[in-house]
Amino acid sequence: MQTVPWQGHTGHVNTGPSKWWSWGLAIFLTIMVFFSLIGIVISAIIPYDQFMSEWEVEEPGTYPADGTSEEQDDWNATKGEWDTYVATTNLMEDMEELRPFQIGTGLISSVIAIVAIFMLFQLNPNAYKVVYGWLAFLTVTQFWYAWKSQEMLNEFYSSFPEFEDSFWMSIQSGLQIGGTLVCNIFLLLIIIMCSMKSQDKGQVEESGFHTTFTAGSTE
């Protein structure tokens, strides 16, 4: 009697990448968009000059050259507070001019991110291209806004002799721009890692039992 030959399973298994690399990035972007939209709403409903509405300061008038030392000291204190008020008001007005840019770019960035989020959840192969485009747009607008904001702060500090040509101003400018750069590089690395991990690596062997076994024959 001839036994029926037995052959082990020799197929391959499609082990695709985990969906959670794309889904996890989508959830992360969703959180970023959520807080970004909150910031946009706050910026839209609360103008910068609103912060100055409760700050009441009187103009010091002319310097009391013939006044007492107490009157002169009071004038100096009032003048210092007035100068601070004027400089801060100018800063708020300059920042108010940037508000439309901040809101507009924030909305565009959020729309691009939302499109990327839907594509990531759908495991669309072009999703990461949209994510890279979103990050590029976000980085450019953040650097431009940081540069303009720093210009305004430098003008604000120049109103005070004690801050003029201060080393602290250079440090502050470097920290603002450097912080933006570091955050975006870190975000870029996260996106690259998720993109690499979500790539299909093809077929792999299921196990080591891929040999063919044939039983001996008996009569």
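In what follows, every heavy atom counts, from backbone to side chain, and hydrogens, waters and symmetry copies are set aside.
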(Q) Could you see if Ile38 belongs to whatever hydrophobic cluster contains Ile31? Use Ile, Leu, Val, Met, Phe, Trp, Tyr and a side-chain cutoff under 4.5 Å. (A) yes
Please determine whether side chain to side chain contact (heavy atoms under 4.5 Å, CB included) holds for the pair Asn184 and Thr180, giving the CA-CA distance in whole Å, both sets of side-chain angles, and the decisive distance to 0.1 Å. CA-CA 6 Å; Asn184 284 278; Thr180 302; 3.5 Å; yes
**Item:** Single-linkage hydrophobic cluster Leu189~Val182, side-chain heavy atoms < 4.5 angstrom
**Value:** no
**Prompt:** Can you tell if the side chain of Leu98 reaches within under 4.5 Å of the side chain of Met152, non-hydrogen atoms only?
**Reply:** yes
Is any side-chain heavy atom of Trp134 closer than 4.5 Å to one of Val130?
no
Closest heavy-atom pair, Trp23 versus Leu120, reported as atoms and distance to 0.1 Å, is CD1-O, 3.6 Å
So if you build clusters from Ile, Leu, Val, Met, Phe, Trp, Tyr with side-chain heavy-atom gaps below 4.5 Å, do Val131 and Leu107 land together?
-> yes
Review point. Are Asn90 and Glu93 close enough, and set up right, to give a side chain to side chain contact (heavy atoms under 4.5 Å, CB included), and what steps lead you there?
Key: CA-CA 5 Å; Asn90 292 334; Glu93 291 176 352; 3.9 Å; yes
Out of curiosity, does Met119 fall in the hydrophobic cluster containing Ile192 (side-chain heavy atoms, cut-off under 4.5 Å, transitive links)?
-> yes
Taking every heavy atom of Pro60 against every heavy atom of Lys79, the minimum-distance pair comes out as CG-CD, 3.6 Å
d(Leu135 CG, Ile191 CD1) to nearest 0.5 Å is 4.5 Å
Nearest heavy-atom contact between Thr105 and Phe137 is O-CE2, 3.6 Å
Flag yes if more than 12 heavy atoms outside Trp20 fall under 6.0 Å of its CH2 atom; otherwise flag no.
no
Distance col, row Thr30:OG1 vs Ile117:CD1, nearest 0.5 angstrom, shows 3.5 Å
Q.
In the structure I gave you, are the side-chain heavy atoms of Ile114 and Phe118 within less than 4.5 Å of one another anywhere?
A. yes
One should read off an interatomic distance between Met92 CE and Arg99 CZ, to the nearest 0.5 angstrom, of 12.0 Å
Give the ring-plane orientation class for Tyr145 versus Phe101, where under 30° counts as parallel, over 60° as perpendicular and anything between as tilted. parallel
Any heavy-atom pair between the side chains of Phe143 and Leu181 that's under 4.5 Å?
yes
Quiz item: Any side-chain heavy atom of Ser36 sitting closer than 4.5 Å to one from Met32?
Solution: no
ask   = Within a strict 4.5 Å, meaning less than it, do heavy atoms of the Trp21 and Met193 side chains meet?
value = yes
Of all heavy-atom pairs linking Gly106 and Ile40, the shortest is C-CD1, 3.4 Å
The reported gap from CZ in Phe34 to CG in Leu29 (rounded to nearest 0.5 angstrom) is 15.0 Å
Examine Ile103 and Val111 and state if one hydrophobic cluster contains both, with Ile, Leu, Val, Met, Phe, Trp and Tyr joined whenever side-chain heavy atoms are less than 4.5 Å apart. no
Checklist line | side chain to side chain contact (heavy atoms under 4.5 Å, CB included) between Tyr132 and Leu188, worked out | finding: CA-CA 8 Å; Tyr132 286 124; Leu188 175 62; 3.8 Å; yes
ask   = Given side chains that start at C-beta, do those of Leu187 and Phe28 come closer than 4.5 Å, heavy atoms only?
value = yes
Is there a side chain to side chain donor-acceptor pair (under 3.5 Å) between Tyr128 and Ser22? Walk through the geometry before answering. CA-CA 9 Å; Tyr128 284 94; Ser22 295; 3.2 Å; yes
Rounded to the nearest 0.5 Å, the CG atom of Leu138 sits from the CD1 atom of Ile108 at a distance of 12.0 Å
Donor-acceptor pair, side chain of Ser43 and main chain of Gly39, under 3.5 angstrom: no
- Side chains of Glu155 and Asp94: does their closest heavy-atom pair fall under 4.5 Å? yes
Output for pair (Ser195 OG, Ile190 CD1), nearest 0.5 Å, gives 13.5 Å
